[in-house]
Peer 1: 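Before I ask anything, let me first share the structure, which is written out below as structure tokens.
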Amino acid sequence: MRSQFDPAIVPVGCFDGELDLFESQYAVPGGVSYNSYLILDEKTAVLDTVDPRKTQQWLANLDTALAGRAPDYLAIHHMEPDHAGSIAALADKFPGMVLVGNAKTFPMLAAFTGRSFEGRTLTVKEGDVLELGAHKLTFLMAPMVHWPEVMVSYESASKTLFSADGFGRFGDTDPDSPWVDEARRYYINIVGKYGVQVQALLKKAAALDIQAVCPLHGPILSGDALGLALEKYGVWSSYAPEEKGVLVAYASIHGNTARAALELADMLRAQGLAAEAMDLTRRDWAEAVAGAFRYSGLVLAAASYDAGVFPPMAQFLARLKSKGFKDRTVGLLENGSWGPTALRAMLCELEGMKGLTILEPKISVKSAVGDADRAKMEELARAMAQAL
């Protein structure tokens, strides 16, 4: 299938609908695509390969698109195995093909494959151009978006940015499928720690006339979809909230903490705030992390457990910390039937995150919610509304 915006650029990637966990940790009920592209010109260039799970299907796709030609180049934008896992197979199939990467690409390639590919590599740096004929690829380095060897390339004839993992999304490549939620979950959990580096890449992209973006996961973006993606990446990479509202994240053992959290969410709504409640024991944790970044406010409600906090909340906080969560307004509710300890444990984790405003009152419930607890919850809801 040829691209609608430039018939010389042919998507040859594969969809994986059988994978349960992307990177062995992110649930992908809608599957994931491993995107690869072929540019057909006086010279031919393959842009990235696919996960080893789909090597044979990808090679068949490529054979069909090449129609008897051999690729002159393989441009390696990113060495993560879901994109570089079929390099050796392609190199063996086409021994005359040159592998194009940067100074950090080829040591990684040797580490992954045990092979040097000596005499078959072309090392590029910032601003170098690969001439294919009417099409030309200009390489731009994008270190730590989200690995150190990452680069992107801009094809000037079609005004296309090949963006590596940037602008990716879980799910298929259908441009009509909803983009934002799965792109947010993908970005925050995989790339989100590297907001400064993403901002640097966005600055480079702003200097280009980009009409289409070809990412390594998800659909090709153009028109309004591209505008939306650029807008969202500007927000996400700056760690700013997308929406004025509150995520109420709760971890309940027997249901009392859950009931308190759901009541508090209703109180927040009564104050005119958007409020979304998520059960950390059952909801996808990556979705919860993305939700915390989405909103300007966060309420943490958790049961005490083993002189600390119930593990689903502890794990959630550790993941927030690892992704650089900051600059939000936070309310706290603990529950403990005889010796509440969750509040202390949650505060300890929050101390390592920058720019958080911790609201008063901090609520401590003993078992079931009583009238005195509800009064404090109402006070916290008002404090959150005033703060936001």
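Hydrogens, waters and symmetry mates are skipped; everything else that's a heavy atom, side chains included, is used.
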Peer 1: Thinking salt bridges, do D63 and R69 make one under a 4.0 Å N-O criterion?
Peer 2: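 No, D63 and R69 are not salt-bridged.
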Peer 1: Looking at side-chain heavy atoms only, is the closest gap between N256 and N335 below 4.5 Å?
Peer 2: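 Counting from C-beta outward, N256 and N335 do come under 4.5 Å.
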Peer 1: Is the distance between the ring centroids of H217 and F22 under 6.0 Å?
Peer 2: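 That pair passes the under 6.0 Å test.
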Peer 1: Rounded to the nearest 0.5 Å, what separation is found between the CD atom of E118 and the CZ atom of F106?
Peer 2: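 Atom-to-atom, E118:CD and F106:CZ are 12.5 Å apart.
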Peer 1: Closer than 4.0 angstrom, basic N to acidic O: yes or no for K54 and E18?
Peer 2: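 Salt bridge present between K54 and E18.
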Peer 1: Indicate, with yes or no, if L280 and L300 share a hydrophobic cluster defined by side-chain heavy-atom contacts under 4.5 Å among Ile, Leu, Val, Met, Phe, Trp and Tyr.
Peer 2: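 Same cluster.
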Peer 1: Taking K43 for the side chain and D72 for the main chain, is one N or O donor matched with an acceptor at less than 3.5 Å?
Peer 2: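 Answer holds: no.
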Peer 1: Is a side-chain donor or acceptor of N35 paired with a backbone partner of G13 at a separation under 3.5 angstrom?
Peer 2: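 Not confirmed, N35 side chain does not pair with G13 backbone.
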Peer 1: Tell me, do I76 and V100 make a side-chain contact under 4.5 Å, heavy atoms counted?
Peer 2: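 A side-chain contact is absent here, since even the closest heavy-atom pair is not under 4.5 Å.
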Peer 1: Applying the 4.5 Å side-chain criterion to the ILVMFWY set and letting contacts propagate, would L66 and L99 be lumped into a single cluster?
Peer 2: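 Looking at the clustering, L99 is in the same group as L66.
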Peer 1: Test salt bridge (Lys or Arg N to Asp or Glu O under 4.0 Å) on D284 and R185 and set out the steps.
Peer 2: CA-CA 10 Å; D284 170 48; R185 191 166 71 96; 3.0 Å; yes
Peer 1: Rounded to the nearest 0.5 Å, what separation is found between the CE atom of M151 and the CG atom of L201?
Peer 2: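 Reported value, rounded in 0.5 Å steps: 13.0 Å.
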Peer 1: If I take atom CG from residue N61 and atom CG from residue L38, how far apart are they, to the nearest 0.5 angstrom?
Peer 2: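 Here the interatomic distance stands at 11.0 Å.
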Peer 1: Does a side chain donor of either H135 or E42 reach within less than 3.5 Å of an acceptor in the other side chain?
Peer 2: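 Result is no, nothing qualifies.
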Peer 1: Please say whether more than 12 non-hydrogen atoms of neighbouring residues, nucleotides or ligands are located less than 6.0 Å from NZ in K136.
Peer 2: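 No - once you tally the heavy atoms of other residues, nucleotides and ligands closer than 6.0 Å, there are 12 at most.
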Peer 1: Counting only heavy atoms from other residues, nucleotides and ligands, does the tally under 6.0 Å from NZ of K362 exceed 12?
Peer 2: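 Above 12, so yes.
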Peer 1: What residue pairs, at least two apart or across chains, pass side chain to side chain donor-acceptor pair (under 3.5 Å) with a residue in residues 301-318?
Peer 2: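 As it turns out, there is no side chain to side chain donor-acceptor pair (under 3.5 Å) pair with a partner in residues 301-318 once direct neighbours are skipped.
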Peer 1: Are the side chain of N102 and the backbone N or O of E149 linked by a donor-acceptor pair below 3.5 Å?
Peer 2: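 Such a contact is found between N102 side chain and E149 backbone.
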Peer 1: Between the side chains of D181 and R169, is the shortest nitrogen-to-carboxylate-oxygen separation below 4.0 Å, so that they form an ion pair?
Peer 2: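 No, no charged N to carboxylate O under 4.0 Å.
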Peer 1: About how many Å separate CG of L247 and CD of E287, when rounded to the nearest 0.5 Å?
Peer 2: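 Answer rounded to 0.5 Å: 9.5 Å.
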Peer 1: List for me each residue that meets ring-ring contact (aromatic ring centres under 6.0 Å, His included) alongside Y250, sequence neighbours excluded, and say none if there are none.
Peer 2: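 Checked Y250 against ring-ring contact (aromatic ring centres under 6.0 Å, His included); zero matches.
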Peer 1: Is it the case that the side chains of S364 and E334 hold a donor-acceptor pair, with the cut-off being a distance below 3.5 Å and no angle test?
Peer 2: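 A pair is found: one side chain offers a donor N or O, the other an acceptor, under 3.5 Å apart.
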Peer 1: Under the side chain to side chain contact (heavy atoms under 4.5 Å, CB included) rule, what do L388 and T329 come out as? Steps first, then yes or no, please.
Peer 2: CA-CA 8 Å; L388 299 188; T329 301; 3.9 Å; yes
Peer 1: Which of these, W179, F170, Y233, sits in a ring-ring contact (aromatic ring centres under 6.0 Å, His included) with Y187?
Peer 2: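 Running ring-ring contact (aromatic ring centres under 6.0 Å, His included) over W179, F170, Y233 with Y187 returns exactly one hit, Y233.
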Peer 1: Keeping the roles fixed (side chain from S86, backbone from A89), state whether a donor-acceptor pair exists under 3.5 Å.
Peer 2: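 Here the side-chain-to-backbone pair does not exist.
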Peer 1: Tell me, with the steps shown, if R382 and E379 meet salt bridge (Lys or Arg N to Asp or Glu O under 4.0 Å).
Peer 2: CA-CA 5 Å; R382 288 192 296 270; E379 186 180 348; 5.3 Å; no
Peer 1: Give a yes or no on whether a salt bridge exists between D373 and K366, defined as a side-chain N under 4.0 angstrom from a carboxylate O.
Peer 2: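 Not counted as a salt bridge, because no side-chain N and carboxylate O are separated by less than 4.0 Å.
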Peer 1: Looking only at the side chains, is there a donor atom on one of D48 and Y37 sitting less than 3.5 Å from an acceptor on the other?
Peer 2: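 Judged by distance alone, the side chains do not pair up.
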Peer 1: Check whether any side-chain heavy atom of V196 lies under 4.5 Å from a side-chain heavy atom of Y239, and answer yes or no.
Peer 2: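 The answer is no; the side chains never approach within 4.5 Å.
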Peer 1: Verify the distance criterion only: is there a donor paired with an acceptor across the side chains of Q199 and S237 at less than 3.5 Å?
Peer 2: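 Looking only at side-chain atoms, S237 and Q199 do form a donor-acceptor pair, the distance falling under 3.5 Å.
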Peer 1: Evaluate side-chain hydrogen bond (donor to acceptor under 3.5 Å, both in side chains) for S33 paired with T173, printing each intermediate quantity in order.
Peer 2: CA-CA 7 Å; S33 66; T173 58; 5.8 Å; no
Peer 1: Between D327 and K354, is there a side-chain N and carboxylate O pair less than 4.0 Å apart?
Peer 2: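 Salt bridge flag = no for K354 with D327.
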Peer 1: Please find out if less than 6.0 Å separates the ring center of W285 from that of Y26.
Peer 2: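 Yes, ring centres under 6.0 Å apart.
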Peer 1: F316, V248: one ILVMFWY side-chain cluster at the under-4.5 Å cut-off?
Peer 2: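 As far as the 4.5 Å side-chain criterion goes, V248 and F316 are not connected within one cluster.
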Peer 1: Given 3.5 Å as the limit, does a donor-acceptor pair link the side chain of E126 with the main chain of M141, or not?
Peer 2: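 Confirmed, E126 side chain pairs with M141 backbone.
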Peer 1: Taking the side chain from Y154 and the backbone from F139, do they hold a donor-acceptor pair closer than 3.5 Å?
Peer 2: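 Absent.
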Peer 1: I'd like to know whether L62 forms a side chain to side chain contact (heavy atoms under 4.5 Å, CB included) with V46, so could you lay out the CA-CA distance, the side-chain angles of the two residues, the decisive distance to 0.1 Å, and finally the verdict.
Peer 2: CA-CA 9 Å; L62 195 55; V46 179; 4.0 Å; yes
Peer 1: Could you grab the distance from atom OG of S367 to atom CH2 of W338, nearest 0.5 Å is fine?
Peer 2: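 Reported value, rounded in 0.5 Å steps: 9.0 Å.
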Peer 1: For the pair Y194 and H146, name the ring-plane relationship: parallel under 30°, tilted 30 to 60°, perpendicular over 60°.
Peer 2: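 Taking H146 first and then Y194, their aromatic rings sit tilted (interplane angle of 30° to 60°).
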Peer 1: Are V98 and L74 close enough, and set up right, to give a side chain to side chain contact (heavy atoms under 4.5 Å, CB included), and what steps lead you there?
Peer 2: CA-CA 6 Å; V98 175; L74 168 64; over 6 Å; no
Peer 1: Between E242 and K232, does any side-chain N to carboxylate O distance fall below 4.0 Å?
Peer 2: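 Here E242 pairs with K232 in a salt bridge, since their nearest N and O are under 4.0 Å apart.
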Peer 1: For H77 and D165, test the side chains for any donor-to-acceptor distance below 3.5 angstrom and give the result as yes or no.
Peer 2: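 Checked: H77/D165 side chains show no N/O donor-acceptor pair below 3.5 Å.
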Peer 1: Whether the side chain of D266 engages the backbone of E263 through a donor-acceptor N/O pair (distance < 3.5 Å, no angle test) should be reported.
Peer 2: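 Such a contact is absent between D266 side chain and E263 backbone.
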Peer 1: Say whether, by atom type as modelled, one donor and one acceptor occur between the side chain of D41 and the main chain of A134 under 3.5 angstrom.
Peer 2: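 Checking the backbone N and O of A134 against the side chain of D41, a donor-acceptor pair under 3.5 Å is found.
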Peer 1: Are V150 and I87 connected into the same hydrophobic cluster when the rule is that any two of I, L, V, M, F, W, Y join if their side-chain heavy atoms are below 4.5 Å apart?
Peer 2: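 Yes, I87 and V150 fall within the same hydrophobic cluster.
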Peer 1: If you measure only the distance, is there a donor-acceptor pair under 3.5 Å linking the side chains of W58 and T49?
Peer 2: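 W58 vs T49: no donor-acceptor pair found between side chains.
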Peer 1: With heavy-atom distances below 4.5 Å as the criterion, would you say the side chains of Q271 and M384 are in contact?
Peer 2: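 A side-chain contact under 4.5 Å is absent here.
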Peer 1: Quick test of your reading of the model: are E276 and R269 salt-bridged, counting only N-O distances below 4.0 Å?
Peer 2: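 No, this pair does not count.
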Peer 1: Looking at E155, is its backbone amide N or carbonyl O close enough to the side chain of T160 to form a donor-acceptor pair, meaning the two atoms are under 3.5 Å apart?
Peer 2: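 Here the side-chain-to-backbone pair does not exist.
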Peer 1: Transitively linked via ILVMFWY side-chain contacts under 4.5 Å: L332 with M278?
Peer 2: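 Same cluster: L332 reaches M278 through Ile, Leu, Val, Met, Phe, Trp or Tyr contacts under 4.5 Å.
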Peer 1: Take a 6.0 Å sphere around CG of D224 and say whether it holds more than 12 heavy atoms from other residues, nucleotides or ligands.
Peer 2: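 Count not over threshold, so no.
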Peer 1: How long is the gap from CG on L47 to CG on L137, to the nearest 0.5 Å?
Peer 2: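 Between atom CG of L47 and atom CG of L137 there are 5.5 Å.
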Peer 1: F293 vs L320, test: side chain to side chain contact (heavy atoms under 4.5 Å, CB included). Steps then yes/no.
Peer 2: CA-CA 9 Å; F293 279 84; L320 284 184; 4.2 Å; yes
Peer 1: Are the charged groups of K376 and E360 less than 4.0 angstrom apart, N to O?
Peer 2: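 Salt bridge flag = no for E360 with K376.
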Peer 1: Classify the ring geometry of H83 against H78: parallel below 30°, tilted from 30° to 60°, perpendicular beyond 60°.
Peer 2: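 Correct class here is tilted.
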Peer 1: Under the side-chain hydrogen bond (donor to acceptor under 3.5 Å, both in side chains) rule, what do D16 and Y34 come out as? Steps first, then yes or no, please.
Peer 2: CA-CA 8 Å; D16 190 344; Y34 311 121; 2.8 Å; yes
